Amino acid sequence: MAIELVLAVDTSASVDDVEYALQMRGIAAAFESSEIIAAIGQHKNGVAIALLQWSGGLLGKVAVDWTVVSSEASIRALAARIVQAPRANTGNFTAISTAINRSVEMLESNVQVGEFRRIDISGDGRNNSGQHPSDARSAAISKGITINGLAILDGDADLAAYYRLNVTGGPGSFVISADDFEDFAKAMKRKLGRELSVQISSAPAHKPDDRHAAR
């Protein structure tokens with residue numbers, strides 16, 4: 001398997017129910033696009049996807065557990081599960097570090113063995129609770145995990161720069177921005193297209209067999 005990917009989605013209080021629905025529909029629409037279906041189809045053994053909802057404190061709920069997708073039918077089935085995923089409990093704070101740490105736990109404890117392990121953090125605000133995100137990022141990178149970001153700029157025009165400085169890291173990491181929640185679907189499609197491309201320039205940062213043997 002080429003890629004294990006956690007989609008970590010902000011469901012904190014700054015995200016209202018309409019914006020939450022836009023995120024879920026946007027992720028689903030991106031997966032259902034012909035471009036992303038084709039990108040996933042290029043990976044011989046499929047791609048492993050999980051979706052985490054996060055907010056403040058230690059709140060982090062696995063909304064869609066690990067699912068391996070390869071065919072168009074399996075991708076569309078995943079998209080349907082994402083759209084139908086109920087919203088997790090909403091926290092009053094934004095703990096990006098929780099999103100990173102919980103995603104790392106998911107990648108470390110699953111049964112998948114991918115050449116590349118990636119976390120996608122999407123949100124509309126800066127960390128204001130718990131551990132500093134750069135510390136969580138350093139721990140993730142030390143395990144051979146890359147963190148990418150999708151910054152929603154409607155409340156903070158400098159959020160993409162904040163993500164680059166404090167959140168994203170690892171081989172080939174990047175940040176994509178969305179002007180607002182309405183623009184989220186387009187940004188997610190661009191991000192997934194780049195992330196799932198077979199043209200991966202960096203070498204795997206770990207040996208999959210060694211990782212699982214150590215569990």
Side-chain angles (χ1 to χ4, degrees), residues 2-12 14-43 47-55 63-64 67 69-70 72-85 87-88 94 96 99 103 116 118-126 146-170 172-201:
I3 300 169
E4 300 169 53
L5 174 64
V6 178
L7 300 173
V9 181
D10 184 359
T11 57
S12 61
S14 63
V15 178
D16 63 30
D17 288 341
V18 172
E19 292 167 340
Y20 167 76
L22 285 171
Q23 288 185 92
M24 295 299 103
R25 289 201 299 268
I27 295 170
F31 275 114
E32 290 181 316
S33 69
S34 59
E35 294 92 338
I36 302 306
I37 290 172
I40 292 174
Q42 293 180 72
H43 297 289
V47 174
I49 306 288
L51 190 144
L52 173 74
Q53 297 178 4
W54 60 274
S55 55
V64 177
T67 304
V69 293
S70 55
E72 180 173 348
S74 64
I75 296 167
R76 291 189 182 280
L78 173 64
R81 290 175 62 194
I82 291 171
V83 167
Q84 295 166 9
R87 181 173 184 163
T94 300
I96 297 174
S103 296
F116 301 92
R118 294 174 175 162
I119 300 170
D120 252 327
I121 305 292
S122 62
D124 69 343
R126 306 185 184 207
T146 293
I147 305 170
N148 298 319
L150 197 169
I152 304 168
L153 308 180
D154 64 342
D156 184 346
D158 296 321
L159 188 61
Y162 174 86
Y163 266 47
R164 292 187 188 96
L165 182 63
N166 299 287
V167 179
T168 59
S173 64
F174 63 91
V175 177
I176 284 181
S177 61
D179 292 335
D180 50 34
F181 282 91
E182 294 284 352
D183 189 41
F184 182 87
K186 294 178 182 178
M188 177 59 69
K189 181 178 173 182
R190 293 197 305 273
K191 183 200 65 58
L192 286 175
R194 182 170 173 178
E195 213 154 38
L196 298 173
S197 170
V198 295
Q199 304 301 322
I200 300 173
S201 58

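As the structure is a computational prediction, the values presented were derived from the model and not from experiment. Counting begins at 1 with the first residue of the sequence.
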S.K.: Working to the nearest 0.5 Å, report the span between CG of L196 and CD1 of I40.
M.R.: 5.5 Å
S.K.: Not counting sequence neighbours, which residues clear salt bridge (Lys or Arg N to Asp or Glu O under 4.0 Å) with D124? List them please.
M.R.: none
S.K.: Going by the rule side chain to side chain donor-acceptor pair (under 3.5 Å), which residues pair with K191 if we only count those two or more places apart in sequence or in a different chain?
M.R.: D120, E195
S.K.: Which donor-acceptor pairs under 3.5 Å do the side chains of residues 24-34 make with protein atoms, sequence neighbours left out?
M.R.:
{"from": "S33", "atom 1": "OG", "to": "A30", "atom 2": "O", "distance (Å)": "2.7"}
{"from": "S33", "atom 1": "OG", "to": "I36", "atom 2": "N", "distance (Å)": "3.4"}

S.K.: Can you find a pair of side-chain heavy atoms, one from L192 and one from L5, that are under 4.5 Å apart?
M.R.: yes
S.K.: Just by distance, do the side chain of R118 and the backbone of N148 share a donor-acceptor pair under 3.5 Å?
M.R.: no
S.K.: Does some side-chain heavy atom of F174 sit less than 4.5 Å from a side-chain heavy atom of T168?
M.R.: no
S.K.: Which residues pass the side chain to side chain contact (heavy atoms under 4.5 Å, CB included) test with S177, not counting sequence neighbours?
M.R.: L153, A160
S.K.: Taking salt bridge (Lys or Arg N to Asp or Glu O under 4.0 Å) as the cut-off, I'd like each qualifying pair that reaches into residues 155-169, sequence neighbours left out, listed once.
M.R.: R126-D156
S.K.: Residues in salt bridge (Lys or Arg N to Asp or Glu O under 4.0 Å) with D179, at least two apart?
M.R.: none
S.K.: Taking all heavy atoms of D10 and all of G125, pick out the closest pair and write down the distance.
M.R.: OD2-N, 4.4 Å
S.K.: Considering residues at least two apart in sequence or located in another chain, which fulfil the side chain to side chain contact (heavy atoms under 4.5 Å, CB included) criterion with E72?
M.R.: I37, R76
S.K.: Among residues at least two apart in sequence or on other chains, which ones pass side chain to side chain donor-acceptor pair (under 3.5 Å) with Y20?
M.R.: Q53
S.K.: Sequence neighbours excluded, which residues qualify as side chain to side chain contact (heavy atoms under 4.5 Å, CB included) partners of D180?
M.R.: D154, E182, D183
S.K.: Under the rule for side chain to side chain donor-acceptor pair (under 3.5 Å), what residues qualify as partners of S74, not counting sequence neighbours?
M.R.: S71
S.K.: Using 0.5 Å steps for rounding, measure from the OG atom of S122 to the CG atom of L7.
M.R.: 7.5 Å
S.K.: Quick check for you: to the nearest 0.5 Å, what is the distance between E19 atom CD and Q23 atom CD?
M.R.: 8.0 Å
S.K.: Hey, what do you get for CZ (R190) to CE (M188), rounding to the nearest 0.5 Å?
M.R.: 11.0 Å
S.K.: Go through the steps to decide whether V175 and Y163 satisfy the test side-chain contact (heavy atoms from CB on, under 4.5 Å), and finish with yes or no.
M.R.: CA-CA 7 Å; V175 177; Y163 266 47; 4.0 Å; yes
S.K.: Looking at S12 and T94, what are the two nearest heavy atoms and their distance?
M.R.: OG-OG1, 3.6 Å
S.K.: Considering non-hydrogen atoms only, spot the tightest contact between L150 and A178 and give its length.
M.R.: CD2-CB, 4.0 Å
S.K.: How many angstroms lie between OG in S70 and CD in Q42, if you round to the nearest 0.5 Å?
M.R.: 13.5 Å
S.K.: To the nearest 0.5 Å, tell me how far I119 CD1 sits from S173 OG.
M.R.: 12.0 Å
S.K.: With sequence neighbours excluded, tell me which residues meet side chain to side chain contact (heavy atoms under 4.5 Å, CB included) with A8.
M.R.: L52, W54, A99, S103, I121
